[in-house]
Amino acid sequence: MPYRYDARLAEVIEAKWQEKWRREGTYHTDNPSGDLSSSDGAAIDLPKLFVMDMFPYPSGAGLHVGHPLGYIGTDVFARFKRMTGHNVLHTMGYDAFGLPAEEHARQTGEHPRKNTENNIANMQRQLDRLGLGHDQRRSIATTDVEFYRWTQWIFLQIFNSWYDVESDRARHIDELQLLFEEGNRKTIDGRLWEEMTESDHRKELSQWRLAYLGEAPVNWCPGLGTVLANEEVTNEGRSERGNHPVFKRPMKQWMMKITAYADRLLSDLDRLDWTESVKTMQRNWIGRSEGALVSFDLAINEKITVFTTRPDTLFGATAMVLAPEHDLIDRLVATDWPSGTPELWKNKCASPAEAVASYQQQAAEHSELERQENKEKTGVYLGSNCVNPVNGESLPIFIADYVLMGYGTGAVMSVPGQDQRDWDFAKKYEIGIVRTVQPPESFDGEAYTGDGPAINSGFLDGLEISEAKTQIREWLEANGCGERTVTYKLRDWLFSRQRYWGEPFPIVYDESGIPIAVPEEQLPVELPDLIDWAPRHLDEESDPEPPLGRASEWTTATYDIGDGLGERQFQRELNTMPQWAGSCWYYLRYLDPTNDERFVDEKVERYWMSDDDGGVGGVDLYVGGVEHAVLHLLYSRFWHKVLFDLGHVSGPEPFQRLFNQGYIQAAAFQDSRGVYVEAEEVEENDGVHTFEGQQVTRLFGKMGKSLKNSVTPDDMYAAYGADTLRLYEMFMGPLDQDRPWETKSVVGSHRLLQRVWRNLVDESSGDLRVADVDPDEDLKRLMHRTIESVGDAMAELRFNSAIARITELNNELTRSNEPVPREVADSLVRLLSPLTPHVAEELWELLGQKTSVVKASFPVADKNFLVEDSIEIPIQINGKVRSRLTVAADTDATALEAMALADEKIAALVNGKTIRKVISIPGRMVNLVVS
RNA sequence: GUCGGAGUGGCGGAAUUGGCAGACGCGCUAGACUAAGGAUCUAGUGCCCGUUACGGGUGUGGGGGUUCAAGUCCCCCCUCCGACACCA
């Protein structure tokens with residue numbers, strides 16, 4: 001059978017069409033203007049659709065079948081939308097800066113650029129084999145100089161901006177300077193602009209910029225030789241990449257003022273078509289919390305300010321607790337224990353100073369993880385007290401490691417009656433407990449956090465929580481000892497890395513050490529071609545050493561920065577940007593990749609990114625894994641909002657609709673020692689798995705080398721072809737679900753294609769065997785029903801259902817064993833083409849079509865064939881199906897009821913009983929309630 | 001612990017507004033074709049009972065409820081997956 005559809009024939013067909021598509025630019029998408037616009041411009045008038053995958057890091061390890069799941073999904077969707085009359089933009093790029101290439105370079109001595117380019121070429125080749133319909137003219141890599149030039153340009157936009165709280169948006173820094181000059185805005189320390197020196201001016205502006213050099217406790221990871229963002233550090237206090245220890249240390253680093261956008265990042269989530277889980281993760285990460293700041297008087301001329309969400313419980317405060325790192329501690333430690341200090345509070349120490357010092361040391365030595373694991377509350381008394389503003393009571397001040405320096409003010413008022421942590425602490429140290437909310441009688445717990453009337457609270461007594469909060473807030477504000485406030489868990493984004501393989505900052509310094517922007521027209525600042533690029537392994541005590549510092553010629557640069565002083569020499573910033581930088585905006589570059597005037601043309605951006613129906617705009621469908629729920633998606637939204645505020649993009653959000661594809665899991669097998677064995681060589685018999693005769697245990701996990709359970713696309717191409725792999729991956733289940741890979745099931749998808757092929761093509765001659773006859777009535781109805789449901793399913797990304805419907809139609813064609821009517825063959829091929837484009841193109845050509853099926857229209861169901869003349873109606877008695885009637889589709893309820901009662905079986909069953917009720921739904925069913 | 005998502009045959013999974021549960025596929029069983037079959041084709045396949053055609057019961061994690069009718073709606077519970085986790 002030389003023309004049987006098998007792996008060999010599939011490969012011939014696939015190679016043929018991939019070559020043709022490439023040659024003819026089949027997947028090129030028109031822009032409204034610029035290099036990528038076309039002369040006819042016809043496509044531009046169609047509704048636009050921007051479909052995108054989260055672009056991959058070009059790993060050297062090669063693909064396994066789990067990787068392309070989302071890419072196939074977007075490809076099918078994009079093809080479907082093209083066929084339904086949309087101008088679809090779909091391409092792919094590479095997130096190619098980052099640690100792995102550098103780590104690889106360190107091991108092999110190969111330059112990161114070389115390694116990266118090899119990996120990209122390799123990965124591109126593997127993806128090409130899948131027949132993805134990408135516009136490859138638009139492909140970018142973040143490491144391209146022409147790309148990172150614009151990454152640097154965007155950095156400068158951020159650097160040259162400040163957040164105007166009054167208008168709630170970012171504005172150019174020059175506008176702030178103008179406000180200062182006119183005296184319309186106060187400087188941070190209140191000095192007048194004209195009384196400040198030139199250097200003071202620059203320092204002042206630096207403090208307002210959205211990208212600034214900040215001295216803050218940062219995550220120093222000596223193992224990677226760089227500092228890391230909070231988001232890149234695990235709960236165990238290790239680096240997400242490489243699992244190296246991370247230490248908190250104050251250092252001067254580049255920060256981005258993402259906190260200025262906290263509220264907008266939060267509230268705009270409501271306008272996005274994203275999964276609830278990702279929105280929730282972002283909300284949690286932003287961690288907005290409304291409450292009040294309350295100050296407590298001290299013996300010294302200072303106040304302790306606490307943040308609390310429960311100012312209504314102020315009367316119940318019985319202690320003050322500070323984080324061990326709190327900066328007031330030194331000044332609050334008493335010389336001696338006050339008389340009557342309980343032994344419990346002293347931690348066996350002779351003086352408060354000794355107790356505090358040893359506790360602080362102990363806290364510092366414990367990692368975050370140890371502090372978390374140790375849920376037992378501990379602390380020591382400082383030997384001094386503060387005053388509760390609301391009732392003048394003296395509260396002992398403790399330090400305790402359950403209070404975190406990084407949240408709120410690093411100090412809490414301890415209210416054991418209404419907070420379980422405070423309750424635990426109070427119990428352990430025998431501190432008083434005062435309930436200020438009346439628990440219900442049934443309550444038998446410890447701290448009570450529910451609602452109820454205030455008690456023991458003076459003027460608040462009897463008020464419910466929310467009213468009590470309002471009253472106490474007014475009281476605090478009137479008495480000058482508190483104010484309403486909002487805190488966030490979100491911190492500013494640490495943006496510098498001490499690595500080689502990243503975008504250089506377009507920043508230089510003069511003698512003052514205040515950052516200066518490299519003039520825009522001087523971009524890009526290219527990476528030097530370092531020989532010794534690898535970061536050194538350092539220890540906790542050492543300082544980061546940016547590798548760029550070793551490029552001695554590069555570290556200085558001559559620029560005219562436009563300050564009237566002409567060309568001068570400057571020192572370059574030696575840090576590089578984090579890997580997230582490129583992915584913050586790559587989607588915009590897809591739109592206009594060849595533009596060397598702007599990062600994206602305004603008209604082009606508006607065409608692809610704005611929503612005519614009043615939505616937030618952005619990418620119409622963004623598909624990727626849920627692991628980027630916080631990092632990439634939050635950073636990207638932040639950058640987009642800055643660009644929006646500055647007028648560079650048309651909408652406030654980058655990604656209108658986000659879809660998280662599931663992961664392909666695979667069975668992995670462990671022998672009795674717990675060692676993984678080659679999954680491919682495990683045999684199964686009646687549910688028992690054996691490897692080389694030994695029984696092994698099965699589990700499921702991510703595909704990969706470590707579990708020895710990888711299946712590569714190449715294996716599948718060899719056995720079945722790319723179309724079968726595409727079809728199987730889409731058939732396995734809904735796109736957003738994790739699913740286990742089963743190589744043995746792939747044959748099912750192959751059979752479908754084989755049967756389709758056999759129904760249309762003679763396997764021995766290769767000739768088309770369709771008939772130029774009209775399909776009979778039943779087949780015609782089935783065809784239109786199929787068209788309708790396949791179209792619906794594809795529009796909703798339910799490809800598994802679409803395939804099921806196509807299979808049903810094809811099964812019918814197989815059963816009939818007649819030459820397929822041309823009309824049916826034509827529809828079938830078009831229905832299949834988004835899923836399996838190669839075999840569809842081949843069949844399309846055999847059907848005599850001269851233009852690509854990619855450009856064909858998706859079939860449209862004729863509604864006349866969707867309504868049946870006669871339908872089968874179930875007749876139930878007491879909800880159980882007892883008979884069926886075939887009736888005209890438009891039989892009304894009364895007639896249906898009469899026919900049901902006349903039915904032989906029903907009459908027999910009803911005989912002698914009373915019919916209580918008859919429910920007759922035309923077109924659906926009849927139910928008789930009988931007793 | 002809190003939040004988010006999900007529990008349907010041996011397996012992956014289908015089921016419009018509540019209206020015939022198990023579409024489609026894998027696997028399995030039987031048969032056809034074959035030198036052979038881990039290819040291909042045909043038929044059957046939720047479970048239990050009965051067996052003569054046929055039938056009867058039961059069934060969507062568990063329990064309760066609403067309804068003529070519940071996988072779907074409401075309440076309680078259990079399990080699994082994911083995120084966050086002393087956030088004051």
Side-chain angles (χ1 to χ4, degrees), chain A residues 1 4 6 235 275-285 287-289 291 306-311 313 321 323 371-377 400-404 406-415 418-422 424-425 487-489 626-627 629-630 660 662 684 686-687 727-728 731-734 736-752 754-755 758 763 789 792-793 798 800-808 810-811 814-815 817 872-882 884 916-921 923-930:
Chain A
M1 292 290 180
R4 162 165 291 188
D6 54 15
N235 289 329
T275 58
E276 237 0 88
S277 70
V278 172
K279 286 192 194 184
T280 304
M281 283 188 242
Q282 293 220 342
R283 289 190 188 109
N284 290 343
W285 189 263
R288 183 190 150 97
S289 171
V306 303
F307 171 74
T308 177
T309 55
R310 294 293 305 275
T313 64
V321 190
R371 266 166 85 152
Q372 269 170 36
E373 275 175 351
N374 184 16
K375 296 269 172 174
E376 173 98 0
K377 301 282 179 288
D401 67 3
Y402 80 92
V403 176
L404 308 174
Y407 186 75
T409 60
V412 302
M413 60 180 202
S414 177
V415 187
Q418 276 77 231
D419 184 292
Q420 189 60 41
R421 293 156 300 175
D422 294 341
D424 295 341
F425 190 68
T487 62
Y488 300 89
K489 215 179 83 176
V626 74
E627 75 272 16
V630 179
N660 295 118
E684 195 217 307
D686 289 331
L727 191 64
Y728 174 66
F731 183 63
M732 288 167 82
D736 56 351
Q737 230 167 74
D738 292 347
R739 74 278 313 264
W741 177 265
E742 264 192 343
T743 296
K744 69 171 187 192
S745 295
V746 181
V747 68
S749 296
H750 189 63
R751 277 180 199 143
L752 171 60
Q754 205 164 49
R755 287 171 196 165
R758 187 159 41 232
E763 287 187 331
S789 42
D792 287 352
R798 294 184 295 114
N800 53 331
S801 293
I803 295 165
R805 299 290 86 78
I806 292 172
T807 308
E808 282 173 331
N810 190 61
N811 284 350
T814 306
R815 245 188 308 276
N817 203 26
E872 200 184 55
I873 295 284
I875 313 299
Q876 302 178 338
I877 293 179
N878 295 337
K880 290 200 169 85
V881 181
R882 296 301 178 183
R884 290 167 199 283
R916 304 282 171 194
K917 196 170 179 181
V918 180
I919 295 94
S920 177
I921 315 281
R924 288 268 181 219
M925 42 71 71
V926 178
N927 190 11
L928 307 173
V929 186
V930 164

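Bear in mind the structure is a predicted one, so any value in this text is a computation, not a measurement.
Here the separation of B/C28 from B/C78, taken at their P atoms, is 40 Å to the nearest Å. Taking atom C1' in both B/C75 and B/A21, one finds a spacing of 25 Å when rounded to whole Å. Distance noted for atom P between B/U2 and B/G9: 29 Å (whole Å). Across the C1' atoms, B/U79 and B/C41 are found 44 Å apart, a figure rounded to whole Å. The gap from the P atom of B/G65 to that of B/G27 amounts to 44 Å, rounded to the nearest Å. Look at the C1' atom in both B/G71 and B/U60: the space between them is 5 Å, to the nearest Å.
B/G25 adopts an anti glycosidic conformation, its chi angle falling more than 90° from 0.
The phosphate of B/C41 (OP1 or OP2) has a side-chain N or O of A/R755 nearer than 4.0 angstrom. When the side-chain nitrogen and oxygen atoms of A/K917 are compared with OP1 and OP2 of B/C68, one or more of them lie within a distance under 4.0 Å. Residue A/Q754 places at least one side-chain N or O under 4.0 Å from the OP1 or OP2 atom of B/U40. Under 4.0 angstrom from either OP1 or OP2 of B/C41 there lies at least one side-chain N or O belonging to A/R758.
Residues A/I873 and A/M925 come closest through the heavy atom pair CG2-CA, 3.6 Å. Among all heavy-atom pairs drawn from A/L727 and A/S749, the shortest one is CD2-O, 3.4 Å. The two atoms that bring A/T409 and A/V306 nearest to each other are OG1-CA, 3.4 Å, heavy atoms only. The shortest non-hydrogen separation linking A/M732 to A/W741 is CE-CA, 3.9 Å. Smallest separation of non-hydrogen atoms from A/T487 and A/G408: CG2-CA, 4.5 Å. Taking each heavy atom of A/F425 and A/A400 in turn, the nearest pair found is CE1-CB, 3.9 Å.
Between B/A83, B/C86, B/U40, one nucleotide has an atom nearer to the side chain of A/R751 than all others, and that is B/U40. Between B/C86, B/C84, B/U42, one nucleotide has an atom nearer to the side chain of A/Y402 than all others, and that is B/C86. Of the candidate nucleotides B/A88, B/C84, B/C68, B/A88 has the atom nearest to the side chain of A/D419. Distance from the side chain of A/V929 is smallest for B/C68 among the nucleotides B/C68, B/A15, B/C84. Ranking B/G4, B/A88, B/G57 by closeness to the A/T280 side chain, first place goes to B/G4.
Using a 4.0 Å heavy-atom cutoff across all strands shown, A/R288 reaches no nucleic acid atom at all. Residue A/N811 is in sugar-phosphate contact alone, with no base atom involved, counting any heavy-atom pair closer than 4.0 Å across all strands shown. Counting any heavy atom pair closer than 4.0 Å across all strands shown, A/D738 reaches sugar-phosphate atoms only and no base atom. No contact: A/S749 has no heavy atom under 4.0 Å from any strand. Within the nucleic acid shown, A/K744 comes within 4.0 Å of sugar-phosphate atoms alone, with no base atom in reach, counting heavy atoms only.
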Nucleotide N/O to protein N/O under 3.5 Å, stretch nucleotides 18-23 of chain B:
unit_1 : atom_1 : unit_2 : atom_2 : d
B/C20  : O2     : A/R884 : NH1    : 2.3
B/C20  : O2     : A/R884 : NH2    : 3.0
B/C20  : N3     : A/R884 : NH1    : 3.2
B/A23  : O2'    : A/R805 : NH2    : 3.2
B/A23  : O2'    : A/E808 : OE2    : 2.4
B/A23  : N3     : A/R805 : NH2    : 3.1

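Rounded to whole Å, atom C1' of B/A69 lies 14 Å from atom CD1 of A/I877. Atom CZ of A/R739 and atom P of B/C80 are 23 Å apart (whole Å).
Taking a pair to require two hydrogen-bonding distances under 3.5 Å in either a Watson-Crick or a G-U wobble arrangement, B/A21 remains unpaired. With a cut-off of 3.5 Å on both pairing distances, the Watson-Crick or G-U wobble partner of B/G7 is B/C78.
When each of A/R310 and A/R882 is assigned the nucleotide of RNA chain B with its nearest heavy atom, A/R882 is the one assigned upstream, toward the 5' end. Along RNA chain B, the nucleotide nearest to A/R421 and the one nearest to A/T807 differ in position, and the one closer to the 5' end is contacted by A/T807.
Taking CG of A/D419 as the reference point, atom CE of A/M413 lies at 9.5 Å (rounded to 0.5 Å).
In this structure, A/K377 forms a cation-pi arrangement with A/Y402, its terminal cationic atom sitting closer than 6.0 Å to the ring centre and no more than 45° off the ring axis.
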